[in-house]
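One-based numbering, in listed order, for ligands and for the atoms of each.
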Amino acid sequence: MTPAPVIVIGATGDVGSAAARFAEQHGSSVVLAVRDLEKPVPGLSAAAEKAGRYERVQIDLFRPDTIEAAVRTTGAKRAFLYATLGSQDIVPDIIGALKAGGVEFVVFLSTVSIATAGDDLSQVGPEKYIPWLHAQYEIQLEKTFGKQGYVALRAGFFSSNMRWYYGGIAKGEVRVAYPDALLELCTPEDLGRVAASFLSQKPETVTDEPAIVLSGPEPVTLRHALEIIGTVLGRPIRVVRVDQEENVQEMKQMLGDATARTLVQEFVERETAGDDVKRIIEEGAVNMRKYAHGGQNMEKWAQENKDSIIAALSGSG
Ligand SMILES: NC(=O)c1ccc[n+]([C@@H]2O[C@H](COP(=O)([O-])OP(=O)(O)OC[C@H]3O[C@@H](n4cnc5c(N)ncnc54)[C@H](OP(=O)(O)O)[C@@H]3O)[C@@H](O)[C@H]2O)c1
């Protein structure tokens, strides 16, 4: 019997696209659920998509009926899911649509900030919007699918967030309120690799835990990460500590006020994080080495992305 396909909701995203590509490499048929049927999937050429076990369906996360229809018509049994900003009021509808369509297991991209906030999901309040939003998804996934019916990949800070500092890197000076915050530095590619192994049910990744913390294999401080980028690019980068409000004002141009405030606050708190938070980050690194079979550290990420960073810098500055 042909195995049921897996559905990746948000297949044009960085993590979603990697999850789709690796799941196909593991032998799964993959439904690329996208809101724009014409948009390319990163890392997948049109020719490779045509030659591979892929099909596309259109969905809009803000219209759960489109999710249910996509699952039902493709027969997908496993799904990759993002928490989309602004979706807090329809979380039960989105997750209910997956279940009603026939999904049996969900791989949800969550955030480590839930774990660092204390691990009791019901205690995370909406003033901490990002962990709270993801907590709403995790709570609902457990209600709808049960502990064995989903896995929440509680990812830490992405390496790809280094783009927030490209303007400063271009000028040779990065101004931040949290230079010594320890950051997980997960690559979207590695997260996609982990997601895919759960989508394709590779036996070595079977776990009883519904939530897994994931960090890059070698977490470092922001200061150190910038030093690594400076070395790879062959240009000095000065790191200057600024107050929180200046940092929020700069980040809100990229992320909006609420997200910028939550993140800057969270990273400032990271500078004085206790051993419990450091332990969570280290546990994430152990998990990444296990589930992504090694994982990419900051230096490797910077080397591999050197050309695209240089191209982005020429447009910043
Ligand atoms: N950045 C971090 O440090 C960090 C840390 C922990 C967890 N996370 C989690 O990771 C997520 C970001 O992952 P990423 O970088 O892979 O994201 P991304 O590249 O921005 O991709 C997001 C995907 O969601 C799709 N999408 C957005 N709104 C949609 C809608 N209404 N209907 C259908 N699809 C929709 C996008 O489609 P389009 O291509 O059409 O826009 C895209 O495919 C965050 O939102 C958070 O949940 C991030």
Side-chain angles (χ1 to χ4, degrees), residues 7-22 31-44 56-67 69-70 79-91 93-94 97-98 107-117 128-138 152-165 178 181 183-196 211-216 219 222 225 251 254-256 258-260 262-264 266-267 270 280-281 284 288 301:
I7 186 165
V8 176
I9 297 171
T12 50
D14 287 343
V15 178
S17 58
R21 286 184 277 109
F22 288 119
V31 179
L32 305 168
V34 293
R35 58 178 161 177
D36 175 356
L37 285 171
E38 303 304 319
K39 191 171 177 180
V41 171
L44 187 64
R56 282 189 181 230
V57 293
Q58 190 171 31
I59 50 101
D60 181 346
L61 272 162
F62 287 93
R63 286 197 43 215
D65 58 313
T66 63
I67 300 174
F80 171 85
L81 180 67
Y82 278 109
T84 303
L85 294 180
S87 62
Q88 56 273 10
D89 294 337
I90 55 163
V91 173
D93 304 316
I94 292 172
L98 289 173
V107 180
F108 171 60
L109 182 60
S110 190
T111 169
V112 73
S113 56
I114 290 184
T116 52
K128 291 198 165 186
Y129 180 71
I130 291 177
W132 176 75
L133 172 68
H134 291 80
Q136 304 318 298
Y137 276 84
E138 289 198 25
L153 305 179
R154 292 183 175 171
F157 188 94
F158 289 7
S159 313
S160 47
N161 295 341
M162 295 308 282
R163 63 176 177 263
W164 297 342
Y165 314 109
Y178 49 88
L183 301 177
E184 296 87 351
L185 299 166
C186 312
T187 68
E189 197 76 3
D190 281 338
L191 291 169
R193 206 183 289 275
V194 178
I212 296 172
V213 174
L214 289 165
S215 311
L222 175 58
M251 291 238 312
M254 291 173 274
L255 304 170
T259 306
T262 315
L263 288 178
V264 171
E266 194 184 307
F267 298 141
R270 274 289 176 90
I280 290 170
I281 295 173
M288 186 67 94
W301 179 85

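The aromatic rings of Tyr129 and Trp132 are tilted relative to each other, their planes meeting at an angle between 30° and 60°.
The backbone N or O of Ile281 lies less than 3.5 Å from a partner atom in the side chain of Ser215, making a donor-acceptor pair. Under the 3.5 Å distance criterion, the side-chain polar atoms of Tyr137 are left unmatched by any main-chain donor or acceptor of Ala152. Distance alone, capped at 3.5 Å, is enough to place a donor-acceptor pair between the Arg21 side chain and the Pro42 backbone.
Thr111 meets the side-chain hydrogen bond (donor to acceptor under 3.5 Å, both in side chains) test with Ser113; sequence neighbours excluded. For Phe267, the ring pair (Phe, Tyr, Trp, His ring centres under 6.0 Å) criterion is met by Phe157, Tyr178, not counting sequence neighbours.
Distances from atom 20 (O) of ligand 1 to the protein include no heavy-atom value under 4.0 Å. For atom 33 (C) of ligand 1, a protein heavy-atom neighbour is found at a distance under 4.0 Å.
Remark: ligand 1 atoms within the under-4.0 Å shell around heavy atoms of Val15 are 16 (O). Interface atoms of ligand 1 facing Thr84, defined by a heavy-atom separation under 4.0 Å, are 28 (N).
Nearest heavy atom pair, residue Arg270 against residue Leu183, reads NH1-CA, 4.2 Å. Looking at every heavy atom in both residues, Ala19 comes nearest to Ala196 through O-CB, 3.5 Å.
The nearest protein atom to atom 45 (O) of ligand 1, hydrogens excluded, is given as Ala83 O, 4.0 Å; this is a heavy-atom distance. At the shortest separation from atom 35 (C) of ligand 1 among protein heavy atoms lies Arg35 NE, 3.8 Å. In this structure, the protein non-hydrogen atom closest to atom 16 (O) of ligand 1 is Tyr82 OH, 2.6 Å. For atom 25 (C) of ligand 1, the closest heavy atom belonging to the protein is Gly10 CA, 4.1 Å. For atom 10 (O) of ligand 1, the nearest non-hydrogen atom of the protein is Leu109 CD2, 3.2 Å. Looking only at heavy atoms of the protein, atom 47 (O) of ligand 1 is closest to His134 NE2, 2.6 Å. Looking at atom 6 (C) of ligand 1, its nearest protein heavy atom turns out to be Ala155 O, 3.1 Å.
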Ile9 and Ile59: CA distance, side-chain angles, deciding distance, side-chain contact (heavy atoms from CB on, under 4.5 Å) verdict: CA-CA 8 Å; Ile9 297 171; Ile59 50 101; 3.6 Å; yes
Residues Glu189, Asp14; criterion side-chain contact (heavy atoms from CB on, under 4.5 Å); working and verdict: CA-CA 7 Å; Glu189 197 76 3; Asp14 287 343; over 6 Å; no
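When heavy-atom distances to ligand 1 are checked against a 4.0 Å cut-off, Asp60 comes that close through both its backbone and its side chain.
Separation of atoms OG1 (Thr66) and CG (Leu61) is listed at 7.5 Å; rounding is to 0.5 Å. Atom CD1 of Ile67 sits about 7.0 Å away from atom CG of Leu81, to the nearest 0.5 Å.
For the pair Gly156 and ligand 1, a heavy-atom separation below 4.0 Å is found. Heavy atoms of Pro188 stay at 4.0 angstrom or farther from ligand 1.
An N or O contact shorter than 3.5 Å is missing between Asp36 and ligand 1 by distance. Geometrically, ligand 1 and Phe158 share a nitrogen or oxygen pair separated by less than 3.5 Å. For the pair Gly13 and ligand 1, the shortest N or O to N or O distance falls below 3.5 Å. Taking distance alone, with nitrogen or oxygen atoms compared against 3.5 Å, Phe157 stays at or beyond that limit from ligand 1. Considering backbone and side-chain N/O of Phe62, none are found under 3.5 Å from N/O of ligand 1. The distance criterion of under 3.5 Å between nitrogen or oxygen atoms is met by Lys39 with respect to ligand 1. The N/O atoms of Val112, backbone and side chain alike, include none that comes under 3.5 Å of an N/O atom in ligand 1.
Between Leu32 and the options Thr12, Leu37, Val41, a side chain to side chain contact (heavy atoms under 4.5 Å, CB included) holds for only Val41.
Closest heavy-atom approach to atom 7 (C) of ligand 1 among the candidates Ala18, Ser110, Ser17: Ser110. The option from Asp14, Thr111, Asn161, Thr12 that lies nearest to atom 39 (O) of ligand 1, judged by heavy atoms, is Thr12.
Counting only heavy atoms from C-beta outward, the side chains of Met162 and Leu222 approach each other to under 4.5 Å.
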